[in-house]
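This is a predicted model, so every value here is computed, not measured. In what follows, chains carry the letters A, B, and so on, assigned in the order in which the sequence lines appear, proteins first and then strands, with residues in each chain numbered from 1.
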2 protein chains.
Amino acid sequence: MKIYDRPGFPNPSRIRIVLAEKGLGPQIEFVSVDLIGAEHKQAAFLAKNPSGVIPVLELDDGTLISESTAITEYLDNLHGHPTLTGTTPREKALIHMMQKRADDELIDPIGIYFHHATPGLGPLLQAYKSPEWADRGEWGNRQKAKALQGMRYFNQVLKTQPYVAGGKFSMADITVFAALNFADAAGIAFPEDCIALQAWRAKVSELPSVKNRSGQNFVPEDLKRLGF
Amino acid sequence: MKIYDRPGFPNPSRIRIVLAEKGLGPQIEFVSVDLIGAEHKQAAFLAKNPSGVIPVLELDDGTLISESTAITEYLDNLHGHPTLTGTTPREKALIHMMQKRADDELIDPIGIYFHHATPGLGPLLQAYKSPEWADRGEWGNRQKAKALQGMRYFNQVLKTQPYVAGGKFSMADITVFAALNFADAAGIAFPEDCIALQAWRAKVSELPSVKNRSGQNFVPEDLKRLGF
């Protein structure tokens, strides 16, 4: 199996945690995609994923799977023992509900804020910003408020249960965790009043699959290009 | 089990098709939510789904499941014989990939266009439109172009395979089908050059779960309030 991604970026980091949880890392050949150079918006990559985003999983038979939720479903079910996407109908449903909320309330607005209200990944990606965003930072700025509201929602949830979708660590926790790291990188300050979310974040940080940051850190070249 | 929804609207129609496919309709008590009256944005409903959207599935133990994808996972797996969400890891992954694309490329932009560039569901919901949308129909109008691009993408897909996620009818077909009906209602003309998509749509229309429109038509009161 091949994964097209770039270390350090939010959605790739979700799949790197899934791979660590499932012990599948050694079976993967990683192919680096130059996001800062807008490689994911060029024809060669668009032939693999018309949506122009990473990560993409390519199976040995050539099947291409994109969208982190779909890749997680594949990897988690590969050996018949799902641990991140649920086993009972109720678990599957609650995990997919919280996964969708993590996308809609955190990952998406943080992404819009980062790409449209900050310098984002730099000038090479400017051409791929929608016109209404390019001339309207206000729209991006409002997304910051939406993301903060999303954090407060998850904080409420975590006041009464240990993990985002209930009693067990799941795909939805991985998405929320990656989203909070993305918010840090985008310059959205973590709200100090989100005590339960902060405690959950500290707990998740200590999980072996998360603490071992193999392939989760930015490559030095990218940090330099981003001005760090 | 209870489902909070309103007949005729796009996401409720997805779940009505799922129920018909699974033969589960008779086990459901439907509770009508007055969308045109903005009932889904009031405290009583927000306690059931903080995202303020329908449908919501309430299990007999009080568990609340929202987001159509999550509800479909529950209903499809309820009796241990999933037919709409895949059985192999590859099927699950491809269905979730296409489901996400149907959300992002069709349902979401059509929804934004309908609510923000047309009168939508009328004045009672105006208060729940984001400020940048209320003063900027242009943003909504661009979503129409995005939805048409999404239709062309699915048309390409359906040139080489019988259903949206491959060889079998799945959750992703239901979402694309509901999205095309939503586009009709929103006044987005079906692109005549999308021959494969049109042929697929005609085929899906004839499926028993789709053809039997039990609970899929608008209630007469709503049609009157919408000016039909």
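Within the 4.5 angstrom heavy-atom criterion, atoms from both the backbone and the side chain of Asn49(A) approach chain B. Proximity to chain B is limited to the side chain of Leu94(A), based on heavy atoms less than 4.5 angstrom apart. Heavy-atom distances place the side chain of Leu59(A), and not its backbone, under 4.5 Å from chain B. With a 4.5 Å cut-off on non-hydrogen atoms, Asp76(B) does not touch chain A at all.
The number of heavy atoms from other shown groups lying within 6.0 Å of CD (Gln149(A)) does not exceed 12. Other residues, nucleotides and ligands contribute over 12 non-hydrogen atoms within 6.0 Å of the NZ atom of Lys41(A).
Taking OG1 from Thr69(A) and NZ from Lys100(B), the interatomic distance works out to 6.5 Å, rounded to the nearest 0.5 Å. Here the straight-line distance linking atom CG of Asp104(A) with atom CG of Asp108(B) works out to 7.0 Å at 0.5 Å rounding. With values rounded to the nearest 0.5 angstrom, Glu105(B) atom CD is found 5.0 Å from Ser51(A) atom OG.
With chain B as partner, the option from Glu91(A), Met97(A), Gln99(A), Glu73(A) having the largest number of non-hydrogen pairs under 4.5 angstrom is Met97(A).
At a threshold of 4.5 Å between non-hydrogen side-chain atoms, the residues Ser66(B) and Arg101(A) count as touching. Residues Ile65(A) and His96(B) form no side-chain contact, since every pair of their non-hydrogen atoms from C-beta on lies 4.5 Å or further apart. Between Lys92(B) and Tyr74(A) there is no side-chain heavy-atom pair separated by less than 4.5 Å.
Across all their heavy atoms, Ala93(B) and Ala70(A) have their closest contact at O-CB, 3.2 Å.
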